[in-house]
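Below: one structure, written as structure tokens.
Heavy atoms only: backbone and side chains are in, while hydrogens, waters and symmetry mates are out. In what follows, every chain begins at residue 1, and chains take the letters A, B, ... in the order their sequences are listed.
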Amino acid sequence: MSRTYGQRVYALVRRGPPGSVATYGQIAALLGNPRAARAVAAALRNAPNGGRIPCHRIVNRRGSMAPADVFGPGVQSALLRGEGVVFLPDGSVDMRRCLWQPQPSDLPAQP
DNA sequence: CGCGTGACGTCTC
DNA sequence: CGAGACGCCACGC
């Protein structure tokens with residue numbers, strides 16, 4: 001089945017555990033293209049929330065989250081806080097502590 | 001069917 | 001070390 005880039009992104013994002021966050025570039029790199037961070041964002045932008053995709057766990061490389069217009073005013077930060085994500089005084093996520101570290105076992109099997 | 005835009009990141013000068 | 005250009009995918013017009 002020809003899976004679109006978004007489908008692969010969704011599958012990987014779904015593996016992200018609560019309390020941890022991942023970056024666009026990280027997902028793209030895991031897919032094999034570290035320069036496809038924008039593609040990840042494009043896919044998540046149209047990600048079907050009905051598919052239970054924790055798109056709110058994806059933040060940028062600096063730990064800043066997407067504009068409030070995307071999810072809502074302070075919604076993403078509230079969701080992350082509810083999961084136990086640690087925030088820094090400047091309002092960004094503490095990547096040093098909450099960055100998702102995927103193990104080989106958590107990654108999809110290699111065809 | 002083609003161009004421009006957008007939740008980004010890496011590479012090059 | 002800083003700024004600029006390119007790359008990737010999906011969607012709207």
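The only member of Val93(A), Asn60(A), Leu99(A) that meets side-chain contact (heavy atoms from CB on, under 4.5 Å) when paired with Thr23(A) is Leu99(A).
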Let me have a per-nucleotide readout for nucleotides 8-13 of chain C, 5' to 3', with B, S or -, counting only protein heavy atoms under 4.0 Å.
BBSS--

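With hydrogens and angles ignored, the 3.5 Å screen pairs a side-chain donor or acceptor of Arg57(A) with a backbone N or O of Gly16(A). Listed for the Gln26(A) side chain is a donor-acceptor partner under 3.5 Å among the backbone atoms of Trp100(A). In terms of modelled atom types and a separation under 3.5 Å, the side chain of Asp94(A) and the main chain of Arg96(A) share a donor-acceptor contact.
Of all heavy-atom pairs between Pro48(A) and Ile53(A), the closest is O-CD1, 3.5 Å.
For the pair Ile27(A) CD1 and dA7(B) P, the computed distance is 19 Å after rounding to whole Å. Separating the CZ atom of Arg62(A) from the C1' atom of dT10(B) is a distance of 15 Å, rounded to the nearest angstrom. The separation between Ile58(A) atom CD1 and dG9(B) atom P is 11 Å, rounded to whole Å.
A gap of 26 Å separates the P atoms of dA7(B) and dG2(C), to the nearest Å.
For Ala37(A), the side-chain contact (heavy atoms from CB on, under 4.5 Å) criterion is met by Tyr24(A), not counting sequence neighbours.
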Which nucleotides of DNA chain C pair, in dot-bracket form (Watson-Crick or G-U under 3.5 Å, | meaning another strand)
.||||||.|||||

